[in-house]
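Throughout, a chain's letter reflects where its sequence line sits, starting with A, and its residues are numbered from 1. Worth saying up front: this structure is predicted, and the values here are computed from it rather than measured. Values below: every heavy atom of this structure, side chains too, minus hydrogens, waters and symmetry copies.
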Amino acid sequence: MQTHQYDVVIVGAGGAGMRAALESSGRVRTAVISKLYPTRSHTGAAQGGMCAALANVEEDNWEWHTFDTVKGGDYLVDQDAAEIMAKEAIEAVLDLERMGLPFNRTPEGKIDQRRFGGHTRNHGEAAVRRSCYAADRTGHMILQTLYQQCVKQDVSFFNEFYVLDVLLSSDLSTGEVADGEPVAVSGVVAYELATGEIHLFRAKSVVFATGGAGKIYKTTSNAHTLTGDGMALALRRGIPLEDMEFFQFHPTGLAGLGILLSEAARGEGGILRNGDGERFMERYAPTIKDLAPRDIVARSMANEVREGRGAGPNKDYVLLDLTHLEPAHIDAKLPDITEFARTYLGIEPYTEPVPVYPTAHYAMGGIPTNINTEVLRNNTDVVQGLYAAGEVACVSVHGSNRLGTNSLLDINVFGKRAGIAAAAYAATVDWAELPEDPAAYVVGEIERMRDQPVGERVSDLRRELQESMDLNAQVFRTQESLTQALADIKHLKKRYGSVSVQDKGRRYNTDLLEALELGFLLELAEVVVVGALAREESRGGHFREDFPTRDDERFMMHTMAYQRPSSTAGETEIRLDHKPVIMTRYQPMERKY
Amino acid sequence: MTAVVDAPSGASPETAPEVGAVPTFDVTLRIRRYNPEVAGDEAYWEEFTVTAHGTDRVLDAMHKIKWELDGSLTFRRSCAHGICGSDAMRINGRNRLACKALLKDLNPDKPITIEPIKGLPVEKDLVVDMEPFFASYREIMPFLITSGNEPSKERLQSAEQRERYDDTTKCILCAACTSSCPVFWTDGQYFGPAAIVNAHRFIFDSRDEGGTQRLEILNDKEGVWRCRTTFNCTEACPRGIEVTKAIQEVKRAMITRAF
């Protein structure tokens, strides 16, 4: 085992992790650990843009952006956090431009802006041009720009290292640590893919920026590597996860494949049509139609298909129509996504509408943090020195449904905050005591997995999990479907105890890592489903057919899910608690567009 | 050695296609294997046959092999739609991303050969050591260089100025271009196309003031003049960047911009 010592260790090298690193590495000794090479991170797949009320092309202000974010999240947003994000958005975009990000430009040479779902002028009057963008590869440009700056600052990266444990001064997983008692982070344990070696990273501050968990679903826009590692590690160590039942299904995934086609397609004038050619969004959101928030559009699409108005031979998708747009306009503004349609479906978007269907896209929930990105271990106490930012975190700026572009914004605003806060904390404290034999848990897990001579295949269990989640916990949910999903997950968790990997080696053993990632997915899927069962209402991305309306009386609150030992020895269960929603300016209203 | 997954029998979707369903077919992948931990220093070929769907990519077939036949088959991948740059491989003798190469476009009647990209040390199966590649990238100072005080708002740039370097901003650092370059194969010291593409991205950015420094670096004997204009790089780029043209523009800038 190798041991390293850094003031700040950042886990994850996507947008949030690298934005944090740019702040932290200038102040204290910092390392960034990534399971990939930084430029492979899934921030690079984001397309449409990053909203900020620059008002470069029309009147706009951050208060309108705050309101849209709160309303878009169906009022489950913590309004203090949303206000910070909308305010700091402006500087965040300008930061990126000054770092060299090649934004598209207005005729005056300023950063250009375009429309995006749910972003409106004056509290819902009409769509507003707020999204700052670089063609349809804004995420790619952000990831590249942040990496470029990390190269410039000579940030220390540990690439292709998998963090498999976070070390805390007390074991929170039993639920026996009293409220108010100080608990601090002391480092992480990582596995080096190239050699199979275990590395202990001692740290004063740890920032989790590990991204999402879309691979709990079969149809997803997410990368194969988005297995919720950070969320699951926190959960296992007794830290709660917040609002995990809220998962965003992006309306326009390529049908059958789930590959994302940006909302920018609709922002630039694209129209959704059903099998009869009807622009059906006029019925569901008369004011902003195709630019309604994603939960509403995804549900409307699924409903069209369910009621027999789908397109295609099996009537199982709808169509994204760009054929009325000028090919030159498409080439200038949407080059990548139209190429996806050509490459993967053989469709020419100039002349043919593109088959689309909702695809699992984004976890609104995650590790709970306060506005300074400090991780909460209950409703009020923070874990000292532990921070989280980006999709892995729930601060909560997205509430029950994230608006398009607000994730690229989230990673920049809260990634920056995390880097500053983690460095400031590390500069003031001594090294926390490491637990005895800190790598024991990770070594044990790896040896157990590697040594199991024969057993079930990882891919079989993963496929069954993903299929059950697609079938039972997707856009439409019922008590019956969720109960089925939970039963499936519990059964799969039992079988997971006997999975075996074929590759027993130490070098680049991706077989082994996939097995460990499956463990994360199973535990996170359970949290999603348990939360969804308990939430007997429909709000944002969570739609219960048996409880089709929002119920503020019972459910205007965040879900806090804790993994605790169950009465059966050696097993765990999910216990739910609640956390109040922070409201400042806006009282909940009916959500209409 | 050949391993085969039979198509499942019975009324599964794979054997009883519904109207409009995509037909399935068998495809054989001939993969270059290497694992010094097990088989010593010898690389060898191994064939696998799997059943694929009409829209499947090479990556899908490789996953099927890894997940159903041989878990030790090792390759990098992440996004699976051509944006993260993890899975550049030599497929039927040409560099491509496994997630962007559709099997049906590769003539599945014959075995499809899969090899690691060339010119970088092979670590295991299709995994190569990317460090020399990223080292060249870092050397050309791939970041905006400016002088004076930071502006309080954004730097202005016209749409035309922005368009000037648009093509080279598309690079995903997958190394398909660099590892297709015959000069790079024989001379690992050569910066290679990807590093030059990323230098181009800044040299032609109106906001940047580091062009001269970068041109000096690339004027090195292992720099841009090693390019023999074979266009392999342009053909290999999965992002459609006109790589050779970008290299030519950098060469021209060296001649026209006085040092």
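- Contact record, B/Tyr137 with A/Val151: CE2-CG2, 4.3 Å, taken as the closest heavy-atom pair.
- Residue B/Arg207 touches chain A through its side chain alone, counting heavy-atom pairs closer than 4.5 Å.
- To the nearest 0.5 Å, atoms CG (A/Asp503) and CG (B/Asp70) are separated by 8.0 Å.
- In terms of heavy-atom pairs under 4.5 angstrom with chain A, the leader among B/Pro151, B/Gly240, B/Ala80 is B/Pro151.
- Of the atoms belonging to B/Thr146, not a single heavy atom falls under 4.5 Å from chain A.
- We find the CD1-CZ distance between B/Ile172 and A/Arg40 to be 7.5 Å, quoted to the nearest 0.5 Å.
- If you take CG on B/Leu173 and OH on A/Tyr147, they are separated by 7.5 Å, rounding to the nearest 0.5 Å.
- A/Glu514 places a side-chain heavy atom less than 4.5 Å from the side chain of B/Lys66.
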Query - Test log, rule salt bridge (Lys or Arg N to Asp or Glu O under 4.0 Å), inputs B/Arg162 and A/Asp112 - result: CA-CA 12 Å; B/Arg162 165 67 181 76; A/Asp112 197 13; over 6 Å; no
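- Residue B/Ile145: no heavy atom, backbone or side chain, is found under 4.5 Å from chain A.
- Contacts of B/Asp166 with chain A are made by both backbone and side-chain atoms, with heavy-atom separations under 4.5 Å.
- Looking at every heavy atom in both residues, A/Leu36 comes nearest to B/Ser78 through CD1-OG, 3.9 Å.
- Using a 4.5 Å cut-off between heavy atoms, B/Met141 makes no contact with chain A at all.
- A/His224 places a side-chain heavy atom less than 4.5 Å from the side chain of B/His63.
- A/Leu257 places a side-chain heavy atom less than 4.5 Å from the side chain of B/Arg57.
- With chain B as the partner, the residue from A/Glu91, A/Gln149, A/Gln502, A/Arg98 showing the most heavy-atom pairs under 4.5 Å is A/Arg98.
- The CG atom of A/Leu101 sits 12.0 Å away from atom CD of B/Glu154, with the distance rounded to the nearest 0.5 Å.
- Between chain B and the options A/Leu96, A/Leu193, A/Asp95, A/Ile259, heavy-atom pairs under 4.5 Å are most frequent for A/Ile259.
- Residues A/Asp336 and B/Ile83 are in side-chain contact: their nearest non-hydrogen atoms beyond the backbone lie under 4.5 Å apart.
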Requested in this report: Could you check B/His81 against A/Phe340 for ring-ring contact (aromatic ring centres under 6.0 Å, His included), going step by step and ending with a plain yes or no?
Outcome: CA-CA 8 Å; B/His81 65 282; A/Phe340 294 154; 5.2 Å; yes
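- Of the charged side-chain nitrogens involved, none lies within less than 4.0 Å of a carboxylate oxygen, so that A/Arg507 and B/Glu37 do not count as a salt-bridged pair.
- Nearest approach of A/Ala223 to B/Cys79, heavy atoms of both residues: CB-CA, 3.7 Å.
- For a residue to count as touching a neighbouring chain, one of its non-hydrogen atoms must lie under 4.5 Å from one of that chain's; by this rule B/Val38 does not touch chain A.
- Contact of A/Met141 with chain B is made through the side chain alone, with heavy-atom distances under 4.5 Å.
- Using a 4.5 Å cut-off on side-chain heavy atoms (C-beta onward), A/Asn159 and B/Phe134 make no contact.
- Note on A/Leu260, A/Asp511, A/Leu254: by heavy-atom pairs under 4.5 Å with chain B, the leading option is A/Asp511.
- Remark: side-chain polar atoms of A/Lys152 are not paired, donor with acceptor, to backbone N or O of B/Phe143 under 3.5 angstrom.
- Interface check for chain A: of the options B/Pro142, B/Ser158, B/Cys174, B/Ala159, the most heavy-atom pairs under 4.5 Å are formed by B/Pro142.
- B/Phe133 places none of its side-chain heavy atoms less than 4.5 Å from the side chain of A/Tyr37.
- Using a 4.5 Å cut-off between heavy atoms, A/Asn104 contacts chain B through both its backbone and its side chain.
- Interface summary for chain A: among B/Arg138, B/Glu150, B/Glu123, the most heavy-atom pairs under 4.5 angstrom belong to B/Glu123.
- Inter-residue side-chain proximity for B/Arg239 and A/Arg137 is flagged as met; some heavy-atom pair is nearer than 4.5 Å.
- The closest donor-acceptor contact from the side chain of A/Arg105 to the backbone of B/Leu156 lies at 3.5 Å or more, if one exists at all.
- Taking non-hydrogen atoms and a 4.5 Å limit, the residue list of residues 454-464 of chain A in contact with chain B, ordered by number, reads A/Arg457, A/Ser459, A/Arg462.
- A/Phe103 touches chain B through its backbone: at least one of N, CA, C or O sits under 4.5 Å from a heavy atom, while the side chain does not.
- Heavy atoms only, all atoms of each residue included: B/Thr74 and A/Tyr508 are closest at CG2-O, 3.4 Å.
- Counting non-hydrogen atoms of other residues, nucleotides and ligands closer than 6.0 Å to NZ of A/Lys218 gives a total of 12 or fewer.
- A distance of 9.0 Å separates CG in B/Asp105 from OG1 in A/Thr343, rounded to the nearest 0.5 Å.
- In this structure, A/His140 contributes its side chain and B/Thr169 its backbone to a donor-acceptor pair below 3.5 Å.
- Heavy atoms closer than 4.5 Å to chain B are found in the side chain of A/Glu339, but not in its backbone.
- Using a 4.5 Å heavy-atom threshold, the side chains of A/Thr225 and B/Arg77 count as touching.
- For the set A/Pro102, A/Ser221, A/Ala134, A/Ser41, the count of heavy-atom pairs under 4.5 angstrom toward chain B peaks at A/Pro102.
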